[in-house]
Amino acid sequence: MSKIIASNFKTNHTRKTTLAFCNHLENFLNQKNIPHQIRLFPPNTALLDNYFKNFKIGAQNAYFTKNGSFTGEIGEEQLEEFGIQSLLIGHSERREYLGETQVFCAKKFEYFSQRDFEIFYCIGESLSTKKEGLEKTLTFLQSQLQGIDLDYPKLLIAYEPIWAIGTGISATLEEITQIHTYLKQILGRIPLLYGGSVKSQNIREIFKIPSVDGVLIGSASWEIESFKQILENSLEK
Ligand code: 13P
């Protein structure tokens, strides 16, 4: 069955190494029959023209403007030049380190949804919220959906518990199942991805969870050989 495999490069790779990664990946996918939809989110300095046959390039961030005076940001016009039509919004690292509030995330969503972008919208609780129990966690996750139009057809949600990001320790299959089952009740047909220490060793088991429509991967996707192994292991056996 076709699922979504998205790679978030975060602040890794240069223009040169991104191009080498993409060329390698394109060749690999030309030879393999991988049924999944693949997305790569390189840093903004390494955005490439979206000409690859087997995957699409998206942006990790953009400001809700066509152009203007927003020093350090890029807008719709800069994405347009590369034919970029996919965007991450609401990643926990931007919420935490860049201070992006829910209102700010919702504004970004509104702007880019009106322009027909495919939006990977991220939600996820911290360890301290998780420790407060399931009810608090679910209420928190729901609060991160405030201002997001769940009827938008090109919306995907990535559930990424912060405590599982970059730690090497994924949420357990039971934890993913529990939260995803709840989220599915709210989200209905919206594709639901899991993110947080997904790697070649756990992708097969994670993909067996019926409520997992895809994954958003950080560290284990940055090396091409590791990413290829994830793709190989994503195949049903
Ligand atoms: P890791 O796969 O490194 O845990 O990162 C997940 C993530 O934040 C993807 O957006």
Side-chain angles (χ1 to χ4, degrees), residues 3-13 18 21-22 36-48 50 52 55-65 70 72-76 78-125 141 144-150 152-162 164-166 183 187 190-198 212-222 227 230:
K3 298 198 189 236
I4 298 138
I5 299 184
S7 161
N8 177 3
F9 277 15
K10 305 192 180 182
T11 320
N12 299 284
H13 278 290
T18 300
F21 186 108
C22 288
H36 307 305
Q37 300 170 54
I38 299 168
R39 301 283 182 274
L40 294 191
F41 294 89
N44 280 346
T45 56
L47 291 178
L48 298 169
N50 226 333
F52 297 96
F55 57 90
K56 287 203 176 106
I57 305 256
Q60 294 175 26
N61 178 49
Y63 198 80
F64 42 92
T65 188
F70 302 96
E73 294 291 281
I74 64 167
E76 187 194 349
Q78 285 74 37
L79 296 179
E80 230 166 44
E81 187 176 25
F82 294 96
I84 303 278
Q85 276 286 316
S86 301
L87 184 63
L88 295 184
I89 296 180
H91 194 283
S92 59
E93 286 153 11
R94 293 203 62 85
R95 292 183 194 257
E96 188 179 345
Y97 307 132
L98 282 301
E100 290 196 4
T101 62
Q102 185 55 32
V103 170
F104 189 86
C105 292
K107 276 189 189 158
K108 263 197 221 186
F109 171 83
E110 190 186 3
Y111 185 90
F112 286 101
S113 62
Q114 282 169 1
R115 278 143 191 92
D116 209 30
F117 271 63
E118 174 185 65
I119 295 174
F120 286 69
Y121 184 80
C122 307
I123 60 174
E125 81 284 3
L141 293 175
Q144 293 196 312
L145 294 170
Q146 238 166 48
I148 306 303
D149 175 10
L150 300 181
Y152 179 56
K154 291 194 180 170
L155 171 64
L156 302 93
I157 305 280
Y159 168 60
E160 300 202 297
I162 297 170
I165 293 178
L183 288 173
L187 301 175
I190 301 173
L192 182 56
L193 281 58
Y194 168 75
S197 298
V198 176
V212 170
D213 302 307
V215 285
L216 180 55
I217 314 172
S219 31
S221 66
W222 299 338
F227 192 48
I230 291 173

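These values consider heavy atoms only, across backbone and side chains, with no hydrogens, waters or symmetry-generated copies. All values reported here derive from a predicted model rather than from experimental measurement. Along the sequence shown, residues carry numbers from 1.
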Fill in: Which atom of Ala106 lies closest to which atom of Gly147, heavy atoms considered
CB-O, 3.8 Å
Worksheet item: Is the shortest heavy-atom distance from the side chain of Phe109 to the side chain of Leu155 under 4.5 Å?
Response: yes
Worksheet entry | With sequence neighbours excluded, residues passing ring pair (Phe, Tyr, Trp, His ring centres under 6.0 Å) with Tyr121 | none
Worksheet item: What is the distance from atom CD1 of Ile5 to atom OG of Ser221, rounded to the nearest 0.5 Å?
Response: 10.5 Å
Practice prompt. For Lys56, look at atom NZ and say whether over 12 heavy atoms of other residues, nucleotides or ligands are found less than 6.0 Å away.
Written response: no
Worksheet item: What closest approach, in Å, do Leu47 and Gly58 show between heavy atoms, and which atom pair accounts for it?
Response: CD2-O, 3.7 Å
Item to complete: Go through the steps for Leu40 and Phe21 under the test side chain to side chain contact (heavy atoms under 4.5 Å, CB included), then give the verdict.
Response: CA-CA 10 Å; Leu40 294 191; Phe21 186 108; 3.9 Å; yes
Fill in: Test log, rule ring pair (Phe, Tyr, Trp, His ring centres under 6.0 Å), inputs Phe104 and Phe64
CA-CA 9 Å; Phe104 189 86; Phe64 42 92; 5.3 Å; yes
Response to the item:
Here the gap from His36 atom NE2 to Ile230 atom CD1, rounded to the nearest 0.5 Å, amounts to 11.5 Å
Worksheet item: Taking side chain as C-beta onward, heavy atoms only, is Leu88 less than 4.5 Å from Leu216?
Response: yes
Fill in: Arg94 vs Lys108 side-chain heavy atoms within contact, under 4.5 Å
yes
Worksheet item: Measuring from Ile190:CD1 to Ile157:CD1, what's the distance to the nearest 0.5 Å?
Response: 5.5 Å
Worksheet entry | Leu141 side, atom CG; Ile123 side, atom CD1 - distance, nearest 0.5 Å | 5.0 Å
Practice prompt. With sequence neighbours left out, write down each residue that passes ring pair (Phe, Tyr, Trp, His ring centres under 6.0 Å) with Phe82, or none if nothing qualifies.
Written response: none
Item to complete: Answer yes or no: is there a side-chain heavy-atom contact under 4.5 Å between Ser113 and Lys154?
Response: no
Practice prompt. Considering non-hydrogen atoms only, spot the tightest contact between Pro42 and Ile57 and give its length.
Written response: CD-CG2, 3.7 Å
Discussion item. Could you go through Ile74 and Glu81, starting from their C-alpha distance and side-chain angles, then the distance that decides it, and tell me whether this counts as side chain to side chain contact (heavy atoms under 4.5 Å, CB included)?
Written reply: CA-CA 11 Å; Ile74 64 167; Glu81 187 176 25; over 6 Å; no
Practice prompt. Report the distance from atom CD1 of Ile4 to atom CD1 of Ile38, rounding to the nearest 0.5 Å.
Written response: 11.5 Å
Worksheet item: Is a side-chain donor or acceptor of Trp222 paired with a backbone partner of Phe227 at a separation under 3.5 angstrom?
Response: no
Item to complete: Could you tell me the separation between the OH atom of Tyr97 and the NE2 atom of His91, rounded to the nearest 0.5 Å?
Response: 9.5 Å
Worksheet item: Would you find a donor on one side and an acceptor on the other, under 3.5 Å apart, between the side chain of Ser219 and the backbone of Gly166?
Response: no
Fill in: Donor-acceptor contact below 3.5 Å, side chain Gln37 vs main chain Lys3
no
Worksheet entry | Listed partners of Glu118 passing side-chain hydrogen bond (donor to acceptor under 3.5 Å, both in side chains), at least two apart | Arg39, Ser86
Worksheet entry | Gly75 backbone acceptor or donor facing Gln78 side chain under 3.5 Å | yes
Worksheet item: Do Glu76 and Phe112 come within less than 4.5 Å of each other through their side chains, counting heavy atoms only?
Response: yes
Discussion item. One pair to check against side chain to side chain contact (heavy atoms under 4.5 Å, CB included): Leu87 and Arg115. What are the steps and the verdict?
Written reply: CA-CA 11 Å; Leu87 184 63; Arg115 278 143 191 92; over 6 Å; no
Worksheet item: With a 4.5 Å limit on heavy-atom distance, are the side chains of Glu160 and Cys122 in contact?
Response: yes
Discussion item. Checking the side chain of Asp213 only, and the main-chain atoms of Leu192 only, is there a donor and an acceptor separated by less than 3.5 Å?
Written reply: yes
Worksheet item: What are the two closest heavy atoms between Ala59 and Ile84, and how far apart are they?
Response: N-CG2, 3.8 Å
Fill in: Gln146 side chain vs Gln102 backbone, donor-acceptor pair below 3.5 Å
no
Worksheet entry | Side-chain heavy-atom pair Leu79, Phe117 within 4.5 angstrom cut-off | yes
Worksheet entry | Tyr159 and Tyr194 aromatic ring geometry - parallel, tilted or perpendicular at 30°/60° bounds | tilted
Worksheet item: Of all heavy-atom pairs between Tyr63 and Glu73, which one has the smallest distance, and what is that distance?
Response: CD1-OE1, 3.6 Å
Discussion item. If you define the side chain from C-beta out and look only at heavy atoms, does anything of Asn50 sit under 4.5 Å from Gln85?
Written reply: no
Item to complete: Write down the atom of Cys105, the atom of Glu100, and the distance for their closest heavy-atom approach.
Response: SG-OE1, 4.0 Å
